[in-house]
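Before we start, here is the structure in question, set down as structure tokens.
Atom set for the values below is all heavy atoms of this structure, side chains included, hydrogens, waters and symmetry mates excluded.
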Amino acid sequence: MFPAESSSGLGGELGQLGGLASLAGINIGGAGGKKSDEALEYLRSRTFTAGFIQRHGLMPILFANKWDSARNQWRNADDAPTIAEGVARFSKKVRQIEEDKRTGITKISIVWTDRVAAADWANWLIAEADKALRERAIAEQNRSIEFLKVETAQTSTVEIANAISKLMETELKNAMVARTRDAYAFKVLDPAMVADLKDRDSPNKPLITVMGAGLGFVIGVIAAAARQRRRARR
């Protein structure tokens with residue numbers, strides 16, 4: 001995926017109203033890179049991850065060894081995993097986010113035993129994070145517009161009123177983009193697909209077999225040498 005960001009481009013024209021724009025929650029500096037970083041951090045955040053786990057009922061799946069599917073409850077209520085433990089497991093062992101700072105392209109991977117679920121989770125993560133960021137931006141823009149309307153009504157200076165009008169126009173455009181653009185924060189270049197059965201992240205069975213054989217050989221040599229030494233002593 002790639003960050004889908006746009007800037008207002010009014011930094012130079014409205015620099016004298018930077019304080020007012022800040023109060024209204026408007027960024028006129030065109031900090032697109034910062035916005036894309038914030039979007040990725042939101043995707044990684046504990047709050048979003050916890051909500052994702054809860055919305056899709058993933059706790060029994062993440063901790064299947066502690067879940068009694070027949071009775072639909074935890075095997076030991078006193079040892080039931082917490083949502084914080086679920087977030088930690090999902091963030092460290094399931095979801096992988098690789099960001100290329102040079103190109104701006106980010107790859108998200110899901111490592112899981114169910115290849116269909118893995119593809120679904122990856123696509124759902126991006127879609128739900130994008131939706132949440134879109135809704136947050138629209139709410140912020142609506143508050144900014146209402147603030148600017150009040151300031152316009154209270155000012156008696158034509159120049160300031162015109163500048164505020166430009167700020168409001170910018171926010172209206174941003175709100176339109178947030179409502180109509182298919183991808184608000186993340187533009188997906190290559191959606192997740194169900195992996196082939198032969199495509200595995202782990203375990204690597206051939207490697208395990210070779211390592212096991214090698215380890216067995218070493219242990220056998222050590223054991224044989226030990227027996228030989230005991231016989232020599234006798």
Show me the donor-acceptor pairs, under 3.5 Å and distance only, between side chains in residues 104-112 and residues at least two apart or in other chains.
none

Tell me whether the rings of His56 and Trp124 are parallel (<30°), tilted (30 to 60°) or perpendicular (>60°).
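It falls in the parallel class, under 30°.
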
Less than 4.5 Å apart, any side-chain heavy atom of Trp67 and any of Asn72?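 Counting from C-beta outward, Trp67 and Asn72 do come under 4.5 Å.
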
- When rounded to the nearest 0.5 angstrom, what is the spacing between CG in Leu58 and CZ in Phe63?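 Leu58 CG to Phe63 CZ: 10.5 Å, rounded to 0.5 Å.
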
For the side chain of Arg75 and the backbone of Asn65, is there at least one donor-acceptor N/O pair under 3.5 Å apart?
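Yes, Arg75 side chain to Asn65 backbone: donor-acceptor pair under 3.5 Å.
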
With a 4.0 Å cut-off on N to O distance, would you call Glu41 and Arg44 a salt bridge?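 The answer is yes: the pair qualifies as a salt bridge.
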
With rounding to the nearest 0.5 Å, note down the distance linking CD in Glu38 to OG in Ser45.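 That separation rounds to 12.0 Å.
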
For Arg181 and Arg134, which heavy atoms make the closest approach, and how far apart are they?
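Smallest interatomic distance, heavy atoms only, reads O-NH1, 2.7 Å.
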
query = Can you tell if the side chain of Met59 reaches within under 4.5 Å of the side chain of Phe90, non-hydrogen atoms only?
reply =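 No, every pair of side-chain atoms sits at 4.5 Å or beyond.
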
Could you tell me if the side chain of Lys66 sits less than 4.5 Å from the side chain of Pro81, heavy atoms only?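 Yes, side chains in contact.
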
Open item on the list: My understanding is that only residues two or more places apart in sequence, or in another chain, count here; which of them pass side chain to side chain contact (heavy atoms under 4.5 Å, CB included) with Val116?
Closed with: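 Val116 satisfies side chain to side chain contact (heavy atoms under 4.5 Å, CB included) with Asp114, Asp120, Val194 once adjacent residues are dropped.
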
### Query
How long is the span from the NZ atom in Lys131 to the CD1 atom in Ile126, to the nearest 0.5 Å?
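Answer for the NZ-CD1 pair, Lys131 versus Ile126, is 15.5 Å.
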
>> Can you list everything that forms a ring pair (Phe, Tyr, Trp, His ring centres under 6.0 Å) with Phe48? Sequence neighbours excluded, please.
In response: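 With sequence neighbours excluded, Phe48 shows a ring pair (Phe, Tyr, Trp, His ring centres under 6.0 Å) to Tyr42, given in chain and number order.
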
Can you tell me how far apart CZ (Arg89) and CD1 (Ile53) are? Round to the nearest 0.5 Å.
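So the gap between those two atoms works out to 10.5 Å.
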
Quiz item: Any side-chain heavy atom of Leu125 within less than 4.5 Å of one from Phe52?
Solution: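 Result yes, sub-4.5 Å side-chain heavy-atom pair found.
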
Kindly determine whether Thr103 and Phe2 satisfy side-chain contact (heavy atoms from CB on, under 4.5 Å), including the steps that lead there. CA-CA 9 Å; Thr103 63; Phe2 193 84; 5.8 Å; no

Charged N-O contact under 4.0 Å between Lys149 and Glu146:
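Counted as a salt bridge, because a side-chain N and a carboxylate O are separated by less than 4.0 Å.
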
inquiry  = Using only atom types and a distance under 3.5 Å, with no angle test, would you say the side chain of Asp68 pairs donor to acceptor with the backbone of Gln73?
reply    =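 Looks like no, no N/O pair under 3.5 Å.
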
Electrostatic pair Glu169:Lys173 at N-O distance under 4.0 angstrom:
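Between Lys173 and Glu169 there is a salt bridge, with a charged N closer than 4.0 Å to a carboxylate O.
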
Asp130 versus Ala185, closest heavy-atom pair with distance: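 Scanning both residues completely, I find the closest heavy atoms to be OD1-N, 2.6 Å.
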
If I compare all heavy atoms of Glu99 with all of Asp37, which pair ends up nearest, and what's the gap?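 Looking at all heavy atoms of both residues, the shortest contact is OE2-OD1, 4.0 Å.
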
Self-check item: Least distance between heavy atoms, Leu43 atom then Arg95 atom
Solution: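 Distance-wise, the nearest heavy atoms are O-NH1, 3.3 Å.
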
- Query: Rounded to the nearest 0.5 Å, what separation is found between the CD1 atom of Ile61 and the OG1 atom of Thr113?
  - Reply: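 Interatomic distance, Ile61 CD1 to Thr113 OG1, rounded to 0.5 Å: 9.0 Å.
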
Reported OG-to-CD distance for the pair Ser91 and Gln96, which is rounded to 0.5 angstrom: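 Here the rounded value is 11.5 Å.
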
Is a side-chain N or O of Glu85 found less than 3.5 angstrom from the main chain of Thr82, in a donor-acceptor match?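 Flag set: sc Glu85 to bb Thr82 pair under 3.5 Å.
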
Does atom CG of Asp100 have more than 12 heavy-atom neighbours, drawn from other residues, nucleotides or ligands, at distances under 6.0 Å?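 Yes, CG of Asp100 has more than 12 neighbouring heavy atoms, counting only those of other groups under 6.0 Å.
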
Counting C-beta onward and ignoring hydrogens, is there a side-chain heavy-atom pair between Leu189 and Met1 closer than 4.5 Å?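 No - every pair of side-chain heavy atoms lies 4.5 Å or more apart.
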
